[in-house]
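Below is one structure, written out as structure tokens; the observations come after it.
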There are 2 protein chains.
Amino acid sequence: MATMTDVAKAAGVSRATASYALRGDPRISPATANKVRRAAASLNYTTNLSARSLRSGRSGVIGVAIFELDKPYPSEMSAAISREAARHGLETIVQQTSNSKEREISILRKVTSQLCDGTIFSPGNVSPEEITALYGGKPMILLDDISDDPLFDCVFTPCEAGAEAAIRHLYEVGCRNIGVLGVDYRILLDDSQATSVSGRRLAGALKAFDDLNINVDERNFVHTLWDMEHARATMHRLVDSGRMFDGLFCLTDTVALGALRGLADRGVRVPDDMAVIGFDGINEGEYSIPSLTTIETDLDDLAKKAIELLSFRLDVANGDVPEGTDLSTRRLTADFRLIERESTRR
Amino acid sequence: MATMTDVAKAAGVSRATASYALRGDPRISPATANKVRRAAASLNYTTNLSARSLRSGRSGVIGVAIFELDKPYPSEMSAAISREAARHGLETIVQQTSNSKEREISILRKVTSQLCDGTIFSPGNVSPEEITALYGGKPMILLDDISDDPLFDCVFTPCEAGAEAAIRHLYEVGCRNIGVLGVDYRILLDDSQATSVSGRRLAGALKAFDDLNINVDERNFVHTLWDMEHARATMHRLVDSGRMFDGLFCLTDTVALGALRGLADRGVRVPDDMAVIGFDGINEGEYSIPSLTTIETDLDDLAKKAIELLSFRLDVANGDVPEGTDLSTRRLTADFRLIERESTRR
DNA sequence: TTGAAAGCGCTAACAT
DNA sequence: ATGTTAGCGCTTTCAA
């Protein structure tokens with residue numbers, strides 16, 4: 001592998017000049033710059049990222065750390081962030097935390113805070129306070145931070161407004177006995193859960209019930225883990241117990257797809273017997289039978305906002321920001337839209 | 001951030017001793033090693049990966065580069081590799097090539113060959129010869145390399161055997177007029193495509209047709225892009241054109257799920273009118289309506305084989321391998337199994 | 001068993 | 001406009 005020294009030698013200039021030239025520093029004359037670029041190209045030169053990063057503290061790489069790579073929503077989100085970062089000239093590396101605190105810590109300490117100029121992190125088991133001890137002072141953007149003390153910039157999914165829209169939609173298509181699947185009603189009693197994704201989606205749903213004068217009690221809220229298998233089994237139990245709703249708001253699309261399958265297993269027709277709406281907008285929902293009405297989180301918007309926040313912090317870290325710029329943490333919320341499909345069409 | 005120097009100072013030893021101690025070198029006395037470890041812990045010390053990597057050429061991080069992060073199959077595969085790597089004490093970073101040659105090159109040059117000790121790469125548009133020029137001499141394992149000249153170790157998906165099993169299964173459930181969806185029959189004419197994933201799945205299907213004495217011609221092979229949208233539209237056109245099969249082998253599960261939806265749109269009942277089988281074994285296939293019979297690639301086995309090959313090359317690079325070990329490139333094939341579900345149950 | 005010292009490849013302050 | 005030089009944090013000979 002050719003080094004900067006090789007390039008400098010081939011171009012007949014000093015290492016410093018070669019370095020400046022390759023990074024487009026205006027101090028280098030166009031003629032020299034060209035000479036250097038040609039030399040670099042002919043030697044198939046690439047800057048050694050470790051060396052650059054060690055010396056300058058910058059690598060041009062950002063990290064994304066999410067729960068699971070093999071679930072539709074987080075993987076679509078990572079892909080969107082990765083695309084948006086590329087538009088800003090940033091390489092993205094993705095890691096899965098596997099929902100384990102140990103893995104989160106390991107990723108934060110070993111990779112993210114070391115190789116990456118900044119990180120977009122979906123915290124699961126690690127508190128912002130703990131992150132502070134691990135992140136090495138590098139820019140960090142949180143996804144759906146649940147702490148109320150904003151230590152880091154954060155992008156939120158549109159939980160409240162989205163959940164509210166979901167319930168309203170079910171109401172508009174005629175549902176009056178609406179169930180909510182995927183949340184334990186008791187989290188309302190736990191303050192620390194109130195700002196979690198479940199908590200905020202539940203809050204949005206409750207607000208809609210209230211506005212629409214629909215009476216609900218804990219029996220309208222059915223707990224299940226957020227995967228297809230549990231959602232399916234939960235619907236089996238629900239139907240077998242004789243409890244029925246005419247509309248069902250599932251806290252995620254994955255839950256909704258599992259529920260659809262569980263209802264089909266028991267001969268409950270969707271949307272005729274029960275209208276079903278999900279949340280997230282994963283690709284699969286468009287092709288399920290019936291296709292899934294959902295609250296789609298605008299992942300391109302979410303990615304844009306996350307990268308915008310991160311870019312700003314990167315600029316701050318590089319000193320590329322005018323004196324007196326407001327540096328206080330910011331919290332943005334991604335857009336959403338209701339996508340009406342067959343599962344609520346009636 | 002605490003450095004090695006800080007740790008050494010706090011422990012009252014030299015930097016070298018501290019370095020040895022932290023990496024468990026037996027030359028350091030247990031007492032000293034303990035002292036150093038305590039100092040490191042209290043300072044919340046982490047080795048600087050850039051520095052380690054620059055000096056020793058090793059980082060403990062491996063790279064995975066795949067087509068798309070937001071498609072079920074590649075993302076499940078990345079997750080499996082990531083899990084398996086963790087079992088070997090390796091951190092994994094994942095990047096998406098977005099099926100673009102430019103991105104593949106950029107990833108290989110900028111990140112993978114720099115930060116990573118080795119790479120597991122699913123090549124799309126870049127030839128093994130081109131990889132050679134880019135990969136910086138670091139260990140590289142290919143996934144489904146299509147070149148016949150094995151420059152790199154490779155793990156294959158079980159295309160031929162899997163496709164053969166798929167056709168046989170359709171035959172066993174009574175299908176005699178079997179279509180294959182997702183492959184252009186003309187690729188048989190193009191030698192360079194013969195060893196591609198499509199080419200090998202097609203070859204397996206043809207072998208089964210031959211063994212079973214089923215006559216097929218080009219009309220049995222229907223081309224479509226490998227996504228749900230195109231598969232669905234293709235099925236619409238097929239049904240509308242009056243062409244029908246009693247069994248359909250879809251080259252991927254994504255294609256199969258799109259086909260299922262397209263058939264439902266046209267009132268074709270699965271499995272009664274047409275039995276459908278996919279290939280890959282993505283999670284969604286278990287919950288679709290009807291659930292999808294498929295040839296499941298054993299991703300844990302694939303991951304195990306890929307990491308095994310990579311670990312071996314890593315050991316070779318570190319000189320941890322006895323004199324005279326066979327260093328020739330190896331090519332392994334992942335296991336598969338037939339999962340019978342509703343889409344062929346009749 | 002431990003320490004001193006060199007240097008991986010690069011960037012940036014300083015000098016020319 | 002270009003060159004000289006120091007040093008980022010670590011590992012690894014070599015010497016003690």
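A note on names: the letters A, B, ... follow the listed sequences, proteins ahead of strands, and every chain is numbered from 1. Just so we're clear, the structure is a prediction, and the values are computed from it rather than from any experiment.
- The residue A/Thr47 sits close only to the backbone: its heavy atoms come under 4.0 Å of sugar-phosphate atoms, none of a base.
- Taking side-chain N and O atoms only, B/Thr3 has no distance below 4.0 Å to OP1 or OP2 of D/dG9.
- Atom CD in B/Gln114 sits roughly 17 Å away from atom P in C/dC8 (whole-Å rounding).
- We find that CE of A/Met4 is positioned 14 Å from C1' of D/dG3, with the value rounded to whole Å.
- Electrostatic pairing of A/Asp300 and A/Lys304 does not count as a salt bridge here, judged by no charged N lying under 4.0 Å from a carboxylate O.
- By the 6.0 Å and 45° rule, B/Arg27 stacks over the aromatic ring of B/Tyr20.
- Along DNA chain C, the nucleotide closest to B/Arg55 and the one closest to A/Tyr20 are compared, and the more 5′ of them pairs with B/Arg55.
- Place B/Ala16 and B/Ser56 on DNA chain C by their nearest nucleotides, and B/Ala16 ends up nearer the 5' end.
- In this model, no donor atom of one side chain and acceptor atom of the other lie less than 3.5 Å apart for A/Arg38 and A/Ser42.
- DNA chain D lies under 4.0 Å from at least one heavy atom of each of the following residues of residues 21-42 of chain B: B/Arg23.
- Rounded to whole Å, the distance from CG on A/Leu54 to P on D/dC8 is 9 Å.
- A sub-4.0 Å separation between OP1 or OP2 of D/dG3 and a side-chain N or O of A/Ser14 is present.
- Ion pair B/Arg313/B/Asp153 flagged as a salt bridge, since at least one NZ, NE, NH1 or NH2 atom sits closer than 4.0 Å to an Asp/Glu carboxylate oxygen.
- Summarising the geometry, the separation between CG on A/Leu43 and C1' on C/dG9 is reported as 15 Å, rounded to the nearest angstrom.
- B/Asn48 has its CG atom 17 Å from the P atom of C/dG9, to the nearest Å.
- Residues satisfying the side-chain contact (heavy atoms from CB on, under 4.5 Å) test with A/Ala40, not counting sequence neighbours, are A/Val7, A/Leu22, A/Tyr45.
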Using a 3.5 Å cut-off and no angle test, enumerate the donor-acceptor pairs between side-chain atoms of residues 137-144 of chain B and protein atoms at least two apart in sequence or in another chain.
residue  : atom : partner  : partner atom : Å
B/Lys138 : NZ   : B/Ser113 : O            : 3.1
B/Lys138 : NZ   : B/Gln114 : O            : 3.4
B/Lys138 : NZ   : B/Cys116 : O            : 3.1
B/Asp144 : OD1  : B/Thr157 : N            : 3.0
B/Asp144 : OD1  : B/Thr157 : OG1          : 3.2
B/Asp144 : OD1  : B/Arg200 : NH2          : 2.5
B/Asp144 : OD2  : B/Thr157 : OG1          : 2.9

